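Everything numeric here is computed off the predicted structure, so don't read it as measured data.
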Amino acid sequence: MAGTPRHVVQRRTDGSPCFFTDEDYLVYLDCLKDAAERHKCAVHAYVLMPDHVQLLVSPDTEQRLSRIMRCVSGRYVEYVNYTYQRNGAFWEHGPKSTLIDSEQNVLATYLSIEATPVRECLAASPADYRWSSHGHHANGSEDAVILDHPLYLDLGATRSDRQHAYHALFRQRVGDRAPVETGPSAHLDSTLRGDRLANRIERLVERVRPGTIEHAIAAA
């Protein structure tokens with residue numbers, strides 16, 4: 001469905017690293033920003049892990065997703081091949097994409113993607129990992145890649161309200177202690193895929209509307 005968010009996972013062949021230096025991460029983000037603008041595809045959340053990339057994107061047509069991924073992947077591989085004097089296959093054949101067709105699961109997927117470094121023991125908290133959209137959503141850092149989904153914007157009337165609300169959602173998510181996989185149809189684990197956490201996310205969103213922020217944080 002055009003305009004419906006997709007959770008995209010792209011991995012390096014054989015689980016090898018995708019990124020080797022900070023400059024590599026920065027180049028990938030630049031490629032992603034350029035491809036998203038060129039192909040009119042909104043990027044709502046992301047994490048760049050050493051061996052894979054996760055994105056939450058909303059293409060405006062069915063063909064846009066494949067175009068944006070070919071564009072960003074191709075440009076990044078050109079950079080890697082030139083910089084490291086290599087050739088041959090780099091990415092696994094085709095990124096894995098899952099349709100996020102539930103409003104509740106959009107925010108749950110935000111949380112899932114940005115919590116990946118913690119699950120994989122690369123950071124003590126999402127805020128400690130540099131290469132994700134968490135700083136933008138939770139701390140107000142500028143991120144030229146991100147175009148926020150309306151459901152995120154509905155968390156509050158101001159940027160500060162949205163940050164507080166997002167923090168409250170993350171506190172609840174961490175409290176659940178449920179691991180989240182990153183496979184093609186596992187953008188959410190068995191708990192997230194079911195109604196229980198989706199309904200909890202919905203209730204939490206209602207609790208953190210403007211005017212109830214302080215109460216939600218205290219109760220999280």
Side-chain angles (χ1 to χ4, degrees), residues 3-8 22 25-26 28-49 53-60 68 100 102-118 123-176 180 187-188 192 197-220:
T4 302
R6 272 85 162 173
H7 179 202
V8 180
D22 285 356
Y25 290 94
L26 292 170
Y28 185 93
L29 289 175
D30 185 65
C31 293
L32 178 60
K33 176 179 178 293
D34 181 71
E37 291 175 350
R38 182 178 304 180
H39 296 291
K40 304 184 189 319
C41 184
V43 179
H44 306 307
Y46 68 83
V47 65
L48 310 185
M49 299 296 289
V53 172
Q54 292 188 56
L55 310 171
L56 180 64
V57 298
S58 290
D60 67 349
I68 185 179
I100 309 299
S102 161
E103 287 191 351
Q104 294 94 331
N105 280 344
V106 170
L107 288 178
T109 305
Y110 268 66
L111 305 182
S112 169
I113 289 173
E114 295 176 2
T116 303
V118 178
S125 73
D128 295 328
Y129 192 75
R130 178 180 178 185
W131 308 111
S132 86
S133 52
H134 183 77
H136 170 81
H137 294 130
N139 301 318
S141 302
E142 293 295 332
D143 193 325
V145 173
I146 294 297
L147 182 62
D148 284 311
H149 191 278
L151 289 172
Y152 173 81
L153 297 176
D154 282 348
L155 288 176
T158 68
R159 176 182 289 188
S160 177
D161 284 345
R162 291 190 289 271
Q163 292 164 23
H164 283 301
Y166 199 69
H167 271 297
L169 293 178
F170 244 104
R171 285 192 183 96
Q172 181 62 51
R173 180 70 190 98
V174 170
D176 287 339
V180 183
H187 61 283
L188 308 173
L192 281 166
L197 188 55
N199 290 336
R200 179 173 291 181
I201 291 286
E202 185 176 28
R203 292 195 301 272
L204 283 166
V205 169
E206 289 303 318
R207 287 167 53 198
V208 295
R209 300 289 185 189
T212 62
I213 299 297
E214 293 79 4
H215 174 71
I217 293 175

Report the C-alpha separation of S58 and H149 in whole Å, then their side-chain angles, then the decisive distance to 0.1 Å, and conclude whether the side-chain hydrogen bond (donor to acceptor under 3.5 Å, both in side chains) test is met.
CA-CA 9 Å; S58 290; H149 191 278; 4.9 Å; no

Q) Would I146 and V43 satisfy side chain to side chain contact (heavy atoms under 4.5 Å, CB included), going step by step from the backbone distance to the final call? A) CA-CA 5 Å; I146 294 297; V43 179; 4.3 Å; yes

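Taken from OH in Y152 to CG in L56, the straight-line distance is 13.5 Å, to the nearest 0.5 Å. Atom SG of residue C31 and atom CG of residue L26 lie 11.0 Å apart, to the nearest 0.5 angstrom. Atom CE in M49 sits 8.0 Å away from atom OH in Y25 (nearest 0.5 Å). For the atom pair CG of D34 and CG of L29, the computed distance is 12.5 Å after rounding to the nearest 0.5 Å. To the nearest 0.5 angstrom, N105 atom CG is 10.5 Å from L111 atom CG. Distance check: D161 CG to L153 CG gives 12.5 Å after rounding to the nearest 0.5 Å.
Distance alone, capped at 3.5 Å, places no donor-acceptor pair between the N139 side chain and the S141 backbone. Counting only distance, with no hydrogens or angles, the side chain of R162 and the backbone of G156 share a donor-acceptor pair below 3.5 Å. Proximity of a side-chain donor or acceptor of H137 to a complementary backbone N or O of H44 within less than 3.5 Å is detected.
A salt bridge between D22 and R130 is present, with a side-chain N of the basic residue lying under 4.0 Å from a carboxylate O of the acidic one.
Judged by distance alone, the side chains of H136 and D148 do bring a donor and an acceptor atom under 3.5 Å apart.
When every heavy atom of R6 is checked against every heavy atom of G3, the shortest pair comes out as NH1-N, 4.3 Å. What you find for S133 and A45 is that their closest heavy atoms are OG-CA, 3.3 Å. Among all heavy-atom pairs drawn from A36 and I68, the shortest one is CA-CD1, 3.5 Å. Shown here for Q163 and G140, the closest heavy-atom pair between the two residues is NE2-CA, 3.1 Å.
Put simply, the side chain of V53 does not reach to within 4.5 Å of the side chain of L32, judged on heavy atoms. Using a 4.5 Å cut-off on side-chain heavy atoms (C-beta onward), V57 and Y46 make no contact.
The aromatic rings of Y166 and Y110 lie perpendicular to each other, with more than 60° between the two planes, well past the 30° mark.
Within a 6.0 Å sphere centred on CD of E103, heavy atoms belonging to other residues, nucleotides or ligands number 12 at most.
Considering T116, L48, V47, I113 as possible partners of S132, the one that fulfils the side chain to side chain contact (heavy atoms under 4.5 Å, CB included) test is V47.
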